[in-house]
Engineer: 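Take this structure, written in structure tokens, and hold onto it; I'll ask about it next.
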Protein chains: 2
Amino acid sequence: MPKRGKKKEEEEESGGDGTGPSPAKAARACPAPPYEDPPPREATPEGRRWTLKVSSWNVDGLRAWLRKGGAQWVQEEAPDVLCLQETKCAAAAVPAEVRALPGLPHQFWCSAKDRPGYSGVGLLARSEPLDVTYGIGDPEHDADGRVLTAEFPSLFVVCAYVPNAGRGLVRLEPRLRFDAAFLQFLRRLDARKPVLLCGDLNVAHADIDLCHPRANRASPGFTPQERDGFSRLLAAGFVDSFRHLYPAARGAFTFWTYLGGARARNVGWRLDYAVVSQRLLGALCDSKIRNTVPGSDHCPITALLAV
Amino acid sequence: MPKRGKKKEEEEESGGDGTGPSPAKAARACPAPPYEDPPPREATPEGRRWTLKVSSWNVDGLRAWLRKGGAQWVQEEAPDVLCLQETKCAAAAVPAEVRALPGLPHQFWCSAKDRPGYSGVGLLARSEPLDVTYGIGDPEHDADGRVLTAEFPSLFVVCAYVPNAGRGLVRLEPRLRFDAAFLQFLRRLDARKPVLLCGDLNVAHADIDLCHPRANRASPGFTPQERDGFSRLLAAGFVDSFRHLYPAARGAFTFWTYLGGARARNVGWRLDYAVVSQRLLGALCDSKIRNTVPGSDHCPITALLAV
DNA sequence: CCTTTCACG
DNA sequence: CGTGCAAGG
């Protein structure tokens, strides 16, 4: 029964955990050392201090994440809005400790229909949103529990868990359809108010955004089509806040597969983003990658805005 | 999603983990304190010292049992034959540490066909058996991986994992058919050589053999039909070695459900037996219940014979 | 409560 | 490697 056999270093650098043609190789560390998240820029270049802190985390199972102390970090970070992805947890099963998270009384949960334990997102907020919507208005994708949108007075916060293209890219086509539909959804929001999109977008945009770009050219999360989807997002007037502020930062990843001890060697991918409407750039103070925080195969990220 | 909700003390005293009508009640300890396994009787009443030590253990998953240190105890006990039940493990997946168990080089594994992770038995021996047979020669049951028989010069050792009647007794009928077919199988063996039957027979024979007999009159493992099956075994010339030697021993259990912390309160069942052909009684030195040994929801038992 | 498998990542 | 599920006990 060598199904669970240890091939060890086979797809250690594979991002969406795909079927990349990663050749077997030794457990070497990433040439780029882990990004060191600098002390926060507390204000905009014009000197306006941040007033909104939004964190995002793919928790890979809300209940397991809670057992591993994830809620602890939330209390230390004390965000005004918290976006969670891959909760794998129906709203009714959200543990009381999460419901009672100090400072985040307004909670919204969206999970996959008829698929317990799959996907799911949550949005927790200090102040009550003006409105909250579930999904992107596309029946093909909205059964999955992937998008939550909270309207606040000055902006929309969108929490998203973009579908994985799957091993062997078996679900690349639906993924690309999601990308297109999601972009239209974001454009419509952006026409009304500026948008802050946070979440696991399941793509590394450029070579600098993953440890082994060459080996993963055909891996889910780094196919040309997925990367193009992200480029189209940028072309539509949205900005990758982290890359905008730190254009040359290397080794800045937010995901490391559990396989083969990838995280210890920083064999990672940047899949989690805080993306802002261009006209929100003047309000952007900082975009943080909390890559030392344990609790999931993703780390949390945090955006600071003066809105 | 209160599927995993804590009903706590609902079927804590249910044996085969059935659907007994056990009323909800406080987590009280069993009135009978845990049986204290006395120092071994090293010889028969006639003074012949034991020459054969046979242990039996329902391991509830061979690999989990190994992780919990089960093999450690085997080395301390150093049996000549070891019978394992509920290995939940195909022969090819038996870990190397088990294959290398000192003193038990002759190993035989029988697992369920087309049902990975279900049932399964193993028989390990110091000396090579003259013959080993798989199953009982009944196609209805032999796909399950429940019986291994090893022929030695002076006796047959049968390792058995009798089918559970299932929650709500949904599989009581096949269980009773197994009992009947198995008894015929044992009679045929017994006609050739004396038999030592070891294993999880999935029945508590009498009130004294479980903590809460009244509450479990309709539970799998204590229905009148299953108890009658055991009585028929005895009527056919077989002897329950433990009860023969310790007719009044109370609180002597070999199984405690994981639910509700039953083991800590000794809310248990005696489901594991060393049964001998009557003419082997003169060779019986002792029948041990190792009820302090961890590693499974069952504890191991050991028979000592002068053969 | 705890094992196994499975799909998914 | 690790999540949550299902079936089994």
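By convention in this document, chain letters (A, B, ...) are assigned in the order of the sequence lines, proteins followed by strands, and residues within each chain are numbered from 1.
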Engineer: Is the distance from OP1 or OP2 of C/dG9 to the nearest side-chain N or O of A/Y118 less than 4.0 Å?
Structural biologist: yes
Engineer: Counting only side-chain N and O atoms of B/R115, is one of them less than 4.0 Å from OP1 or OP2 of D/dG8?
Structural biologist: yes
Engineer: Rounded to the nearest Å, what distance is computed from the CZ atom of residue B/F255 to the C1' atom of nucleotide C/dT3?
Structural biologist: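 To the nearest whole Å, that distance equals 12 Å.
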Engineer: Report the residues that fulfil side chain to side chain contact (heavy atoms under 4.5 Å, CB included) with A/D138, sequence neighbours left out, ordered by chain and then residue number.
Structural biologist: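 Once residues adjacent in sequence are excluded, the partners of A/D138 under the side chain to side chain contact (heavy atoms under 4.5 Å, CB included) criterion are A/I136, A/E140, A/H141, A/A181.
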Engineer: Rounding to a whole Å, what distance do you find between A/D114:CG and C/dA7:C1'?
Structural biologist: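 My rounded result for the distance is 16 Å.
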Engineer: Below 4.0 angstrom from OP1 or OP2 of D/dC5, is there any side-chain N or O of A/R63?
Structural biologist: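 Answer is yes, contact under 4.0 Å.
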Engineer: Is A/K68 close enough to D/dG2 that one of its side-chain N or O atoms is under 4.0 Å from OP1 or OP2 there?
Structural biologist: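 So the side-chain polar atoms of A/K68 never come under 4.0 Å of the phosphate oxygens OP1 or OP2 of D/dG2.
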Engineer: With salt bridge (charged side-chain N to carboxylate O under 4.0 Å, His left out) as the test, pick out the partner of A/D207 among A/R217, A/R227, A/R214.
Structural biologist: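 Of the listed residues A/R217, A/R227, A/R214, the salt bridge (charged side-chain N to carboxylate O under 4.0 Å, His left out) partner of A/D207 is A/R227.
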Engineer: Looking at every strand, decide which applies to B/R263 at a 4.0 Å heavy-atom threshold: base, sugar-phosphate, or nothing.
Structural biologist: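 Nothing, no nucleic acid heavy atom in range.
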Engineer: Specify the separation, in whole Å, of atom CG of B/D144 and atom C1' of C/dT4.
Structural biologist: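 About 15 Å, once rounded to whole Å.
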Engineer: Is it the case that B/R270 places NZ or CZ above or below the six-membered ring of B/F253, under 6.0 angstrom from the centre and within 45 degrees of the axis?
Structural biologist: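 No; the conditions do not both hold, so B/R270 does not lie above the ring face of B/F253.
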Engineer: Between P on C/dG9 and CZ on A/R175, what's the gap in Å once rounded to a whole number?
Structural biologist: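 Spelled out: CZ on A/R175 to P on C/dG9 is 11 Å.
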Engineer: Rounded to the nearest Å, what distance is computed from the NZ atom of residue A/K88 to the P atom of nucleotide D/dA6?
Structural biologist: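 Result: 14 Å.
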Engineer: With a 6.0 Å cut-off on the ring centroids, do A/W65 and A/W57 count as close?
Structural biologist: yes
Engineer: Which nucleotide in the set D/dC1, C/dT3, D/dG8 lies at the smallest distance from any side-chain heavy atom of A/L259?
Structural biologist: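 Among the listed nucleotides, the one closest to the side chain of A/L259 is D/dC1.
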Engineer: Could you tell me whether B/R67 contacts a base, only the sugar-phosphate backbone, or nothing, with contacts defined as non-hydrogen atoms closer than 4.0 Å?
Structural biologist: sugar-phosphate
Engineer: Both B/Y161 and A/A64 contact DNA chain D. Which one's nearest nucleotide lies toward the 5' end?
Structural biologist: A/A64
